[in-house]
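This chain uses plain numbering: 1 for the first residue, then up along the sequence.
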Amino acid sequence: MAKLIDGKAVSQKVKDEVRAEIESKGLKVGLAVVIVGNNQASRVYVNNKKKACEVCGIQSFEYALPEETTEKELLDLVDTLNNDPKVNGILVQLPLPKQINEENVIARISPIKDVDAFHAVNVGKIMIGNYSFLPCTPAGVMELIHSTGTDVTGKECVVIGRSNIVGKPMAMLLLHENATVTICHSRTKDLAAVCRRADILVSAVGKADFVTADMVKDGAIVIDVGMNRNAENKLCGDVKFDEVEPKASYITPVPGGVGPMTIAMLMKNTLAAKYLQS
Ligand code: GUN
């Protein structure tokens, strides 16, 4: 039987540390959160980010723009936020409506305010291991792995998914800690066999019930980054939890695993941004 990794508890500890530092140093820290359109999932994420700011003593500035916002209007807002000294971090919630090119928006955010670490400058810094910001979800996963007391050095790690937000930076952070890393994706041959090699298996696919027991080695640590809705509209991850849990040594639940960590790491990055700018 696997031990559950408690993302709520680990994330609370991170947020407590951020709050304690802000209070003890009397810092004024601000995060601008921009949401465009009516995506329901995005609305929930943005509300959770605002709540976390309150918990940490970070001032949040919300900009909710209509679905029909043009790219120029959004870029103008980013310019304004780049130049506002009260704003230390800028987060533009993705996805954006189809008339707006996400790459152009990410490129416009000042790299020293890019608390998502999506800007090419920050992605490049992550590649060379000299970073100002860690990408929030992968950094949160690393914290969860550390919370088990596991040393990643020399471990076989398999990441399923090659997105810019999770899969690719996840592989880099594991590599920086001396893991042997494999990235799998939709064209990977014999995915189950590759996954079975993993001492640490990280799934970031976005499909309910994707990771089944035959893909998991006995005693593996299984980290589920998925946030999906099943047939009953219930929140679930990528991992078929009931059949994988008995094989794993540690496993993250959904909800209550990686999700809260992403937001806690965003708070940590916003504080880091404050220091970068002072
Ligand atoms: N949409 C889904 N995850 C994220 C995230 O981590 N940051 C932003 N900006 N948008 C997202």
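- Looking at Glu243, its side chain does come within 3.5 Å of a backbone N or O of Ala213 through a donor-acceptor pair.
- Under a 3.5 Å cut-off, the side chain of Lys113 and the backbone N or O of Ala273 do not form any donor-acceptor pair.
- Between Asp238 and Asn228, some side-chain heavy-atom pair lies under the 4.5 Å cut-off.
- Every residue was checked against the salt bridge (charged side-chain N to carboxylate O under 4.0 Å, His left out) condition with Glu245, not counting sequence neighbours, and none meets it.
- Of the possible polar contacts, one joining the Asp199 side chain to the Glu156 backbone as a donor-acceptor pair under 3.5 Å is found.
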Result block: side-chain N/O donor-acceptor pairs under 3.5 angstrom for residues 125-145, not counting sequence neighbours:
residue : atom : partner : partner atom : Å
Lys125  : NZ   : Ser132  : OG           : 2.8
Thr137  : OG1  : Thr262  : OG1          : 2.9

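- Salt bridge status for Glu54 with Lys50: absent, with no side-chain N to carboxylate O gap under 4.0 Å.
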- Message: side chain to side chain contact (heavy atoms under 4.5 Å, CB included) for Tyr63 and Leu81? Distances and angles first, verdict last.
- Response: CA-CA 11 Å; Tyr63 296 83; Leu81 298 172; 3.7 Å; yes
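- Contacts of Arg197 classified as side chain to side chain donor-acceptor pair (under 3.5 Å), with partners at least two apart in sequence or in another chain: Thr182.
- Inter-residue side-chain proximity for Asp76 and Lys72 is flagged as met; some heavy-atom pair is nearer than 4.5 Å.
- Looking at Phe118 and Glu102, their side chains never come closer than 4.5 Å, going by heavy atoms from C-beta outward.
- In this structure, the side chains of Ile223 and Ile5 come closer than 4.5 Å at one or more pairs of heavy atoms.
- Nearest heavy-atom pair across Ile165 and Pro169 is O-CG, 3.4 Å.
- Residue Leu201 is found in a hydrophobic cluster whose other members, listed by chain and number, are Leu4, Val158, Ile160, Leu191, Val194, Val205, Phe210, Val211, Met215, Val216, Val222, Val239, Phe241, Val244, Ile251; membership requires side-chain heavy atoms under 4.5 Å apart, directly or through intermediates.
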> side chain to side chain contact (heavy atoms under 4.5 Å, CB included) between Val225 and Val202: does it pass, once the steps are laid out?
Replying inline: CA-CA 7 Å; Val225 183; Val202 180; 3.8 Å; yes
Point to revise | Step-by-step side chain to side chain contact (heavy atoms under 4.5 Å, CB included) determination, Met267 to Cys53 | key: CA-CA 7 Å; Met267 300 297 109; Cys53 282; 3.7 Å; yes
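- Rounding to the nearest 0.5 Å gives a distance of 9.5 Å between CG of Leu74 and CD of Gln99.
- For the pair Gln12 and Val55, the minimum side-chain heavy-atom distance is below 4.5 Å.
- Counting heavy-atom neighbours within 6.0 Å of Lys247 NZ, excluding the residue itself, gives a total above 12.
- In this structure the side chain of Leu31 reaches within 4.5 angstrom of the side chain of Leu266, judged on heavy atoms.
- Val115 and Ile35 fall within the same hydrophobic cluster, defined by Ile, Leu, Val, Met, Phe, Trp and Tyr side-chain heavy atoms under 4.5 Å apart, directly or through other members.
- Formation of a donor-acceptor pair under 3.5 Å by the Asn88 side chain with backbone atoms of Lys274 is not found in this model.
- The structure places CD of Glu67 at 5.5 Å from CG of Asn38, a figure rounded to the nearest 0.5 Å.
- Rounded to the nearest 0.5 Å, atoms CG (Leu276) and CG (Leu271) are 10.5 Å apart.
- What you find for Gly57 and Ile22 is that their closest heavy atoms are O-CG2, 3.9 Å.
- With sequence neighbours left out, Lys51 forms a salt bridge (charged side-chain N to carboxylate O under 4.0 Å, His left out) with no residue at all.
- Between the CD1 atom in Ile263 and the SG atom in Cys56 there is a gap of 10.5 Å [rounded to 0.5 Å].
- Between Asp114 and Val121, the closest side-chain pair of non-hydrogen atoms is not below 4.5 Å.
- Proximity of a side-chain donor or acceptor of His185 to a complementary backbone N or O of Gly161 within less than 3.5 Å is not detected.
- Annotation: the span from Asn39 atom CG to Leu94 atom CG amounts to 10.5 Å, rounded to 0.5 Å.
- Not a single donor-acceptor pair under 3.5 Å links the side chain of Ser11 to the backbone N or O of Met261.
- Here the straight-line distance linking atom CZ of Arg162 with atom CZ of Arg187 works out to 6.5 Å at 0.5 Å rounding.
- With hydrogens and angles ignored, the 3.5 Å screen pairs no side-chain donor or acceptor of Asn233 with any backbone N or O of Arg229.
- You'll find the side chain of Pro95 reaches within 4.5 Å of the side chain of Ser42, heavy atoms only.
- Taking the side chain to side chain donor-acceptor pair (under 3.5 Å) definition, one finds that Lys168 meets it with Asn164, sequence neighbours left out.
- Residue Leu173 is not grouped with residue Ile183 when hydrophobic side chains (ILVMFWY) are merged at heavy-atom distances under 4.5 angstrom, including chains of intermediate members.
- Side-chain contact, Arg43 with Asn47: a donor N or O sits under 3.5 Å from an acceptor N or O.
- A chain of hydrophobic side-chain contacts below 4.5 Å, direct or via other Ile, Leu, Val, Met, Phe, Trp or Tyr residues, connects Ile106 to Met265.
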